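Note that the structure is predicted; figures quoted are calculated from it, not measured. All values below come from the heavy atoms of this structure, side chains included, with hydrogens, waters and symmetry mates left out. Counting starts at 1 for both ligands and their atoms, in listed order.
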Amino acid sequence: MMADKRSSAELENLLVTGGCGFIGSNFIRRLLEGADFTGRIINVDKLTYAGNPENLADIAKNFPQRYVFQKADICDAALMENIFQKYEVDAVCHFAAESHVDRSIKNPESFIQTNIVGTFNLLEIAKARAGQFKLFHHVSTDEVYGSLGPTGLFLEDNPYRPNSPYSASKAASDHLVRAYYKTFDLPVTISNCSNNYGPYQFPEKLIPLVILNALAGKSLPVYGDGKNVRDWLYVTDHCDAIWTIMNCGKKGETYNIGGNAEMENIKIVELICDILDEISPAGNGNARRELIAFVKDRPGHDRRYAIDFTKLRQELGWKPQESFLTGLKKTVQWYLNQKKWVENIKTGAYQKWIADQYGN
Ligand code: NAD
Ligand code: TYD
């Protein structure tokens with residue numbers, strides 16, 4: 001059954017955590033530029049290497065009354081408590097996380113702190129605001145379900161079998177959020193989404209890394225045999241899905257979000273090479289595919305992820321708008337157009353700007 005009651009008008013002071021990252025910044029843009037949210041957004045972000053306020057520079061300028069930025073670490077419980085009180089926070093959309101699997105293999109500590117302890121802090125503060133607190137939406141990943149064989153799809157009631165420190169830390173946070181609903185009646189919703197791609201993604205993840213390396217004539221590292229499969233979703237579709245769940249989802253429920261776009265890594269890398277060769281041929285005339293290099297596999301590399309999002313489609317009426325090919329072309333074009341953004345990331349200038357502004 002489709003949900004018809006939208007409750008967005010009720011959310012006045014929405015705290016978005018991790019809003020200077022890839023998905024969080026797209027989400028804030030979607031809400032403030034859209035017509036279906038009239039409240040205020042308080043963006044709390046620690047500004048790690050993955051957080052870039054430049055992602056929202058125009059938003060900060062265009063919505064001075066409805067957009068507030070606070071540099072803060074969600075692990076700092078006292079500071080978070082102050083922020084909740086100061087801005088009378090009545091809802092949370094929780095994106096803040098350490099998000100890169102390879103980093104979690106090399107250095108898992110910050111994943112445990114931010115993803116588990118940070119989430120716990122937010123839940124505790126929200127719990128203490130019982131009565132005035134309306135919704136805690138937790139943004140999570142399909143990686144909590146583990147790895148699939150050649151067939152089958154992840155369903156919401158699949159057992160959790162996380163294989164990397166990243167997915168294990170996200171699994172722990174999902175369980176905490178669910179437990180606060182069951183035990184304390186905290187109004188929560190949870191979403192588990194497949195791999196995202198699109199504007200403002202930090203170029204450590206496969207798609208932006210390959211686009212920028214290909215443009216620079218650098219090698220394109222493909223882990224293992226390149227036949228690992230992910231289900232890809234364009235970031236604005238993810239943002240719409242989250243907003244739909246926040247408005248129409250049932251409290252205490254989990255919703256899977258996916259793109260119906262399963263793809264082997266090697267196919268994606270080849271596609272990006274071909275798109276670039278067509279719209280921005282290499283100066284030396286070489287085909288970008290010549291840059292592909294198979295490298296040592298990632299330890300514990302999950303073979304296949306694929307999402308069944310029937311629940312979200314049937315109960316709440318969401319489906320993706322973008323196909324993988326249209327979304328990928330838009331993404332390649334975005335990185336081609338954003339020369340300054342790319343340059344600031346590559347040279348680290350964005351971090352110098354943050355240090356000048358915020359003093360670290
Ligand atoms: P990202 O790495 O681009 O952004 C994370 C943001 O969180 C950054 O701005 C960073 O500065 C901030 N942050 C990190 N630690 C913090 C802390 N201790 N306190 C406050 N802010 C902190 O990540 P993303 O790709 O935008 O992912 C956002 C969320 O979506 C994550 O929870 C991730 O698990 C989830 N998710 C991501 C994908 C994907 O494909 N990228 C898919 C499904 C779910
Ligand atoms: P990634 O973008 O890191 O997302 P996740 O690990 O969360 O799925 O990686 C996507 C896939 O691409 C994954 O199977 C690992 C692979 N990969 C490469 O082959 N080469 C790379 O340089 C990177 C970053 C990822």
Side-chain angles (χ1 to χ4, degrees), residues 16-27 43-53 55-56 70-76 79-80 93-105 110-111 113-115 117-119 121-122 138-144 147 163-164 166-167 169-171 173-174 191-198 200-210 213 219-235 238-239 241-242 256-259 263-266 268-269 292-298 300-305 307 354:
V16 175
T17 69
C20 292
F22 164 46
I23 308 174
S25 61
N26 276 284
F27 180 76
N43 174 11
V44 164
D45 198 299
K46 183 181 174 181
L47 301 181
T48 67
Y49 77 93
N52 184 358
N55 297 355
L56 289 170
Q70 288 275 300
K71 181 176 185 293
D73 184 342
I74 58 167
C75 298
D76 184 339
L79 181 54
M80 292 309 301
C93 186
H94 179 32
F95 292 93
E98 288 292 340
S99 68
H100 190 40
V101 173
D102 292 327
R103 286 180 190 256
S104 84
I105 294 168
S110 58
F111 288 73
Q113 285 306 321
T114 289
N115 299 3
V117 178
T119 302
N121 282 341
L122 297 172
H138 180 59
V139 180
S140 192
T141 166
D142 60 353
E143 304 190 22
V144 297
S147 185
N163 291 318
S164 72
Y166 163 66
S167 54
S169 67
K170 291 298 289 186
S173 65
D174 292 11
S191 53
N192 293 88
C193 187
S194 59
N195 285 56
N196 283 217
Y197 66 102
Y200 303 104
Q201 188 166 32
F202 195 82
E204 63 184 351
K205 306 277 167 62
L206 179 71
I207 288 179
L209 180 129
V210 167
N213 276 16
S219 86
L220 311 177
V222 175
Y223 299 165
D225 64 2
K227 293 194 191 307
N228 300 65
V229 171
R230 300 289 181 263
D231 169 20
W232 294 90
L233 183 67
Y234 193 66
V235 64
H238 186 192
C239 295
I242 291 170
N256 279 353
I257 310 173
M263 189 77 62
E264 286 180 351
N265 294 336
I266 183 65
I268 294 174
V269 176
I292 294 174
F294 288 90
V295 300
K296 192 166 170 284
D297 208 356
R298 171 189 280 173
H301 195 176
D302 285 336
R303 192 65 175 167
R304 176 172 167 262
Y305 304 143
I307 278 269
I354 289 168

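Rounded to the nearest 0.5 angstrom, H238 NE2 and I257 CD1 are separated by 4.0 Å.
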*Start with the C-alpha distance between Y197 and R230, add both sets of side-chain angles, then the distance that settles side chain to side chain donor-acceptor pair (under 3.5 Å), and finish with yes or no.*
CA-CA 11 Å; Y197 66 102; R230 300 289 181 263; over 6 Å; no
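Protein residues having at least one heavy atom under 4.0 Å from any atom of ligand 2 are H100, V101, E143, N195, E204, K205, L206, L209, P221, V222, Y223, N228, R230, N265, R298, H301, listed by chain and number. The protein residues lying under 4.0 angstrom from ligand 1, judged by non-hydrogen atoms, are G18, C20, G21, F22, I23, D45, K46, L47, T48, A50, G51, A72, D73, I74, F95, A96, A97, S99, T114, V139, S140, T141, Y166, K170, C193, S194, N195, N196.
A donor-acceptor pair is defined here as one N or O able to donate and one able to accept, closer than 3.5 Å; such a pair exists between the side chain of D45 and the backbone of C20. With hydrogens and angles disregarded, a donor-acceptor distance shorter than 3.5 Å links the side chain of N43 to the backbone of G19.
Using a 4.5 Å heavy-atom cutoff, the side chains of N213 and P221 are in contact.
Scored by the ring-ring contact (aromatic ring centres under 6.0 Å, His included) test, Y305 finds no partners at all (sequence neighbours excluded). Legend: residues meeting ring-ring contact (aromatic ring centres under 6.0 Å, His included) with F95, ordered by chain and number and at least two apart, are F27.
Just one residue in the list D174, T119, N115, T114 forms a side chain to side chain donor-acceptor pair (under 3.5 Å) with S169, and that residue is N115.
The aromatic rings of H301 and Y223 stand perpendicular to each other, their planes meeting at an angle above 60°, with 30° marking the opposite boundary.
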